[in-house]
Amino acid sequence: MAYDLKSESEVKDYIKNLGIEYRFGCYSEKNPEVCHLLADFLDAIKKDFEKAAKVYKTNCDEYKFGKSCLKYGAYCITGKGVKKTDYPAAYSYFEKGCNLDEPYACFNQGILLVTKNESFGLNQDIKKGVGLLEKACNFKNGMACYYLSGLYIAGAKNGNKIGEKDAKSEYDVPKNMEKAFKFALEGCNLGNMYSCANLSQMYAKGDGVAKNEELAKKYKAMALDMQHEVTKHSETLKFGIGIDS
C-alpha cells in the first residue's frame with residue numbers, strides 16, 4: 001500500500017502499521033535485525049525510552065545483536081531509559097558488542113579504559129584500551145584511528161591524563177610519531193577531519209614523516225572542507241569523540 005506522506009492521517013496510519021510490523025517480526029519471528037528496528041522505533045518515534053532500553057538489552061543478551069549491545073551501553077552512559085547512569089554496565093555492554101564485532105562498541109569500550117575518570121567506577125587500562133581502539137580502527141572506524149593518533153602523539157600512562165607522566169616513571173603507551181602518523185593517515189582516509197588536521201601538522205613540522213609543505217596544505221584543505229560539510233549539516237559530536245592533544 002502506498003501512503004501519501006503529506007497527509008497527516010496517512011502518516012499516522014503508516015507509523016502505526018510500521019510499529020505492528022516491527023513487533024511481529026521481533027516477537028513472533030524473533031528476527032534480531034527487526035528487534036533492533038523495533039527498539040529504534042520506540043526510541044525515535046514513540047519516545048518510549050524504557051521500552052526501547054528493554055528491547056535493546058534483550059536483543060543483545062538473547063539474540064547477540066551487536067548494534068543493540070552498543071545502543072543499550074549508550075543508554076547506560078546517559079541514564080536514558082534506565083534508572084540511572086551506570087558506567088560499569090555500559091562497559092559490559094560495549095564489551096559484548098565489541099566481541100560481536102560492532103566497531104563503535106569497541107571504540108567506546110576502549111575510550112572508557114584509556115580515560116582517567118574516577119566517577120566511571122572502572123580501572124584505567126591504557127594498553128587494553130589501545131588494543132580495543134586498534135580493533136575498531138581495523139574495522140574502519142575513523143574516530144578510533146584518530147584517537148590512536150592522539151595517544152601516540154601525547155603518550156599515555158595509567159593513573160594520569162593523556163600526555164601526563166611522573167618524572168620517575170615511563171609511559172604505558174610511549175610517544176611514537178611514526179605510529180601517530182600511520183593512524184592519522186588511516187583516519188583521514190576514512191573521512192575523519194581531525195585525522196586530516198593531524199596529518200597537516202605532521203607534514204608541516206616533519207613529525208613522524210618527512211616534512212612536506214604541499215602535503216601539509218593538501219590535508220589542511222581536506223580538513224577544512226570536511227569541517228565545512230559538518231557545519232553545513234549542523235552535525236554535532238557525541239559521547240566519547242575527540243581528544244585534546
Expected list for residues 211-227: side-chain donor-acceptor pairs under 3.5 angstrom, two or more places apart:
| residue | atom | partner | partner atom | Å |
| --- | --- | --- | --- | --- |
| N212 | OD1 | E214 | N | 3.1 |
| N212 | OD1 | L215 | N | 3.0 |

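- Applying the side-chain contact (heavy atoms from CB on, under 4.5 Å) rule to K127 yields the partners D125, D172; only residues at least two apart in sequence or on another chain are considered.
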Given the rule in the side-chain contact (heavy atoms from CB on, under 4.5 Å) test, do V34 and F24 qualify, once you have shown the distances and angles that lead to the verdict? CA-CA 9 Å; V34 179; F24 178 80; over 6 Å; no
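- Put simply, the side chain of V209 does not reach to within 4.5 Å of the side chain of L199, judged on heavy atoms.
- Criterion: ILVMFWY side-chain heavy atoms under 4.5 Å apart, direct or through other members. Under it, L38 and F65 are not part of a common hydrophobic cluster.
- Linking ILVMFWY residues whenever their side-chain heavy atoms come closer than 4.5 Å, directly or via other members, places Y27 and Y22 in the same cluster.
- The CG atom of N176 sits 10.5 Å away from the OG atom of S149 when rounded to the nearest 0.5 Å.
- Once rounded to the nearest 0.5 Å, the distance linking CG of L132 with CG of L148 reads 10.0 Å.
- Side-chain contact check for I126 versus L113: every heavy-atom pair is 4.5 Å or farther apart.
- Minimum interatomic distance between C35 and N59 (heavy atoms only, all atoms of both residues): CB-OD1, 3.3 Å.
- Under the side-chain hydrogen bond (donor to acceptor under 3.5 Å, both in side chains) criterion, S195 pairs with N192, sequence neighbours left out.
- Distance check, rounded to the nearest 0.5 Å: NZ of K30 to SG of C26 gives 8.0 Å.
- The minimum heavy-atom distance between L133 and A144, with the atom names listed, is O-CB, 3.5 Å.
- Nearest heavy atoms, A105 versus G97: CB-C, 3.6 Å.
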Please output the side-chain donor-acceptor pairs of residues 39-58 that fall under 3.5 Å, not counting sequence neighbours, one pair per line with the distance.
| residue | atom | partner | partner atom | Å |
| --- | --- | --- | --- | --- |
| D40 | OD1 | Y56 | OH | 2.4 |
| D40 | OD1 | K71 | NZ | 3.3 |
| D43 | OD2 | Y75 | OH | 2.4 |
| D43 | OD2 | K80 | NZ | 3.2 |
| K47 | NZ | A44 | O | 3.2 |
| D48 | OD1 | K51 | N | 3.3 |
| Y56 | OH | D40 | N | 3.4 |
| Y56 | OH | K71 | NZ | 3.0 |
| K57 | NZ | D61 | OD2 | 3.1 |
| K57 | NZ | Y93 | OH | 3.3 |
| T58 | OG1 | K54 | O | 2.9 |

Using distance only, find each side-chain donor-acceptor pair of residues 177-188 under 3.5 Å and give its atom names and separation, not counting sequence neighbours.
none

Determine whether F107 and M143 satisfy the following criterion, side-chain contact (heavy atoms from CB on, under 4.5 Å), listing intermediate values before the conclusion. CA-CA 8 Å; F107 171 73; M143 189 55 72; 3.5 Å; yes
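- Atom-to-atom distance recorded for E95:CD and N108:CG is 13.0 Å, nearest 0.5 angstrom.
- L37 and L100 fall into different hydrophobic clusters, defined by Ile, Leu, Val, Met, Phe, Trp and Tyr side-chain heavy atoms under 4.5 Å apart, directly or through other members.
- Looking at residues two or more places apart in sequence or on another chain, you find no disulfide bond (SG atoms under 2.5 Å apart) involving C76.
- Closest non-hydrogen pair, Y146 versus N198, comes out as CE1-ND2, 3.6 Å.
- Atom-to-atom distance recorded for M193:CE and H228:NE2 is 12.5 Å, nearest 0.5 angstrom.
- Connection of V82 to L112 is not established within any shared hydrophobic cluster, with ILVMFWY side chains joined at heavy-atom distances below 4.5 Å, either directly or through further cluster members.
- In this structure, the separation between CZ on F120 and OG1 on T115 is 5.5 Å, given to the nearest 0.5 Å.
- You'll find the side chain of D207 stays beyond 4.5 Å of the side chain of Q201, heavy atoms only.
- Closest of all the heavy-atom pairs between C106 and K135 is SG-CD, 3.8 Å.
- In the displayed structure, K67 atom NZ is contacted under 6.0 Å by at most 12 heavy atoms of other residues, nucleotides or ligands.
- Note: F94 and Y91 fail the aromatic proximity criterion, with ring centroids not under 6.0 Å apart.
- Looking at every heavy atom in both residues, A89 comes nearest to D86 through N-OD1, 3.0 Å.
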